[in-house]
2 protein chains.
Amino acid sequence: MDSFPEIAKNSETIIRMPTVRRLPRYLRLLIELKSEGKDFVSSEKIAQALDLKPIVVRKDLAFTGNCGKPRLGYSIEHLIISIENVINFRGKDTAFLAGVGNLGSALLGYKGFEKYGLNIAAAFDLDKEKVNKTVHNKDVYPLEMLPVLAARLHPYIGILCVPEESAQEVVEKMVSCGIKGIWNFSNKELKVPADVVLQNEDLAAGLAVLSISIDKKSKAPVQ
Amino acid sequence: MDSFPEIAKNSETIIRMPTVRRLPRYLRLLIELKSEGKDFVSSEKIAQALDLKPIVVRKDLAFTGNCGKPRLGYSIEHLIISIENVINFRGKDTAFLAGVGNLGSALLGYKGFEKYGLNIAAAFDLDKEKVNKTVHNKDVYPLEMLPVLAARLHPYIGILCVPEESAQEVVEKMVSCGIKGIWNFSNKELKVPADVVLQNEDLAAGLAVLSISIDKKSKAPVQ
DNA sequence: TAGATTGTTAATCGATTAACAATC
DNA sequence: TAGATTGTTAATCGATTAACAATC
């Protein structure tokens, strides 16, 4: 943890989305390997564990600025730190969540966010019945309180789990409070200002891929 | 609904994943337009609504086998049917869900699956305390009951929301009961036989993309 | 007919893969 | 040194974009 390779914080590196989406998978594996007491791992081993090709692993890991050692592989500890830095999974970033329905409540109770460096500091709802309670130990406030709490807690991510009808309105409230990224679990197509990042999570997209893949496989059993 | 264009059920069409992932977005928009009484829509209009380029829309829609009419655009009703057919969102496909924790419960209560042609017919859990109850009106059975209920209900998709430790074991049970697709919400890297489709949903992947995009945007404000 | 909009063909861009030289 | 494993450079593949002819 003391001697530490120069991280290529080369801010001009291009974001390659497929690589970024794989980084959390490497991270989980590396943390597991570390807990088993391992110090180094090769791209070949990582590839086997994650069902990838070794060259993909090497290309992806190069993107984190970390260097492997010929014959040894990659330092697990250094890689973990590099990946966490690149995708910002270290530290505690503050998020607000809006919409404490089924999905919103589940996310409030999701333990994994701690590992991802995300702290849901407060939750909000328009429904008077859901408000002024706690869900999974998180306080749920009326939406009107958003500006006051934002001024105090400085959230930078807004997690959106409200029904489609109110999604745009809630996003605008979040944006006007200085939130810089919207993680959208509603299926509403949202408009955000150019300086705000919108990340849509679409359950139906995954299901569509699954359905069509099953279809293809059953129709073309020889491959 | 009577006169209906020949659908190119050309089974040799290649699956283009980015296209497939966008199809549910077109579908939602088209259903909305239909409810507004519209009959035709142009690729330009669709592109505006979904923040895409018109050429992307035309290429994607061509993939559904549907033809647009020059000067008129696409028949909304026909397109809806074509898209639903391609991604198998018509009819009622049976799914089993395993793991009735926070996320599993939320999915059991998710109304949208009806629209996606997915019917969660039964839920399962290893925890004796969670079993023999109903969650959002779905029966929760002990995992041992899976084979019996599978023989009766013929599920073809298994939705996996169990903790990582038991994920592989549960998947194997599902596969041995004839399930052809696994929708994996756990973060476990699963092994499945070659004839079974695995679709991983990784929350951390979306969060990583969001985080890194916010970073980039704040560091490169001129674009 | 003129004009709007589609669908096709070719060009560009980006991601994956292959080949191999560099390194410990 | 020999051998394993990395990182680089070039080739391939697939998706997006551009240009434009076809169509109503």
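Numbered from 1 within each chain, the chains take letters A, B, ... in sequence-line order.
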For residues 203-210 of chain B, tabulate all N or O donor-acceptor pairs below 3.5 Å that involve a side-chain atom, not counting sequence neighbours.
none

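B:Asn102 is not listed as a side-chain neighbour of A:Ser105, based on a closest heavy-atom distance of 4.5 Å or more. The side-chain heavy atoms of A:Leu146 and A:Met174, taken from C-beta on, include a pair separated by under 4.5 Å. In this structure the side chain of A:Pro193 reaches within 4.5 angstrom of the side chain of A:Val175, judged on heavy atoms. Side-chain atoms of A:Phe185 and A:Leu107, non-hydrogen and from C-beta on, do get closer than 4.5 Å to each other.
In terms of position along DNA chain C, the nucleotide closest to B:Ala62 lies nearer the 5' end than the nucleotide closest to the other residue of the pair B:Ala62 and A:Pro70. If A:Val41 and A:Arg71 are placed on DNA chain D by their nearest nucleotide, the residue sitting closer to the 5' end is A:Arg71.
Residue pairs meeting the side-chain hydrogen bond (donor to acceptor under 3.5 Å, both in side chains) criterion with at least one partner in residues 159-169 of chain B, sequence neighbours excluded, are B:Gln168-B:Glu172. Counting only residues at least two apart or on different chains, the salt bridge (Lys or Arg N to Asp or Glu O under 4.0 Å) pairs with a member in residues 42-70 of chain B are B:Arg22-B:Asp60. For the ring-ring contact (aromatic ring centres under 6.0 Å, His included) condition, no pair includes a residue of residues 19-59 of chain B, sequence neighbours left out.
Under a 3.5 Å cut-off, the side chain of A:Lys216 and the backbone N or O of A:Ser211 do not form any donor-acceptor pair.
Between B:Arg25 atom CZ and A:Asn200 atom CG the span is 6.5 Å, to the nearest 0.5 Å.
Residues passing the salt bridge (Lys or Arg N to Asp or Glu O under 4.0 Å) test with B:Lys38, sequence neighbours excluded: B:Glu36. For the salt bridge (Lys or Arg N to Asp or Glu O under 4.0 Å) test, residues two or more places apart in sequence or in another chain that qualify with A:Arg90 are A:Glu84. Taking B:Asp202 as the reference, A:Arg28 meet the salt bridge (Lys or Arg N to Asp or Glu O under 4.0 Å) condition, with sequence neighbours excluded.
Distance A:Asn66 CG to D:dT5 C1': 15 Å, rounded to the nearest Å. When the P atom of C:dT6 is taken as reference, atom NZ of B:Lys69 falls 12 Å away, rounded to whole Å. Rounded to whole angstrom, the span from the CZ atom of A:Phe40 across to the P atom of C:dC24 amounts to 13 Å. A:Leu72 has its CG atom 11 Å from the C1' atom of D:dT6, to the nearest Å. A:Phe63 has its CZ atom 16 Å from the C1' atom of C:dT16, to the nearest Å. If you measure from atom OH of B:Tyr74 to atom P of D:dC24, you get 14 Å, rounded to the nearest angstrom. Residue A:Leu61 contributes atom CG, which lies 13 Å from atom P of D:dT8 at whole-angstrom precision. Atom CG in A:Asp60 sits roughly 7 Å away from atom P in C:dT16 (whole-Å rounding).
Between A:Asp93 and A:Asn119, the side chains place no donor N or O within less than 3.5 Å of an acceptor N or O (distance only, hydrogens not considered). Under the 3.5 Å distance criterion, with hydrogens and angles disregarded, no donor-acceptor pair is assigned to the side chains of A:Thr64 and A:Asn66.
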Checklist entry - Tell me, what's DNA chain D's dot-bracket, Watson-Crick or G-U with both distances under 3.5 Å, | for other-strand, [ ] crossing? => result ..||||||||||||||||||||||
Any N/O pairs under 3.5 Å between the protein and nucleotides 17-19 of chain D? List them or say none.
residue, atom, partner, partner atom, Å
D:dT17, O4, B:Lys59, NZ, 2.9

Please list, for nucleotides 11-14 of chain C, all pairs of protein and nucleotide N/O atoms separated by less than 3.5 Å.
none

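Among the nucleotides C:dT16, D:dG7, C:dT5, the one closest to any side-chain atom of A:Pro18 is C:dT16.
For A:Arg22 and C:dT16, the shortest distance from a side-chain N or O to OP1 or OP2 is below 4.0 Å.
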Item to check | Candidate pair B:Val197 and B:Ile182, rule side-chain contact (heavy atoms from CB on, under 4.5 Å), full reasoning | outcome: CA-CA 6 Å; B:Val197 177; B:Ile182 301 289; over 6 Å; no
Item to check | B:Asp195 vs B:Lys180, side-chain contact (heavy atoms from CB on, under 4.5 Å): CA-CA, chis, key distance, verdict | outcome: CA-CA 7 Å; B:Asp195 64 330; B:Lys180 285 302 170 206; 3.1 Å; yes
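Residues from residues 197-207 of chain B that place a heavy atom under 4.0 Å from any atom of DNA chain C: there are none. For DNA chain C, the neighbouring residues in residues 42-52 of chain B, judged by any heavy atom under 4.0 Å, are B:Ser42, B:Ser43.
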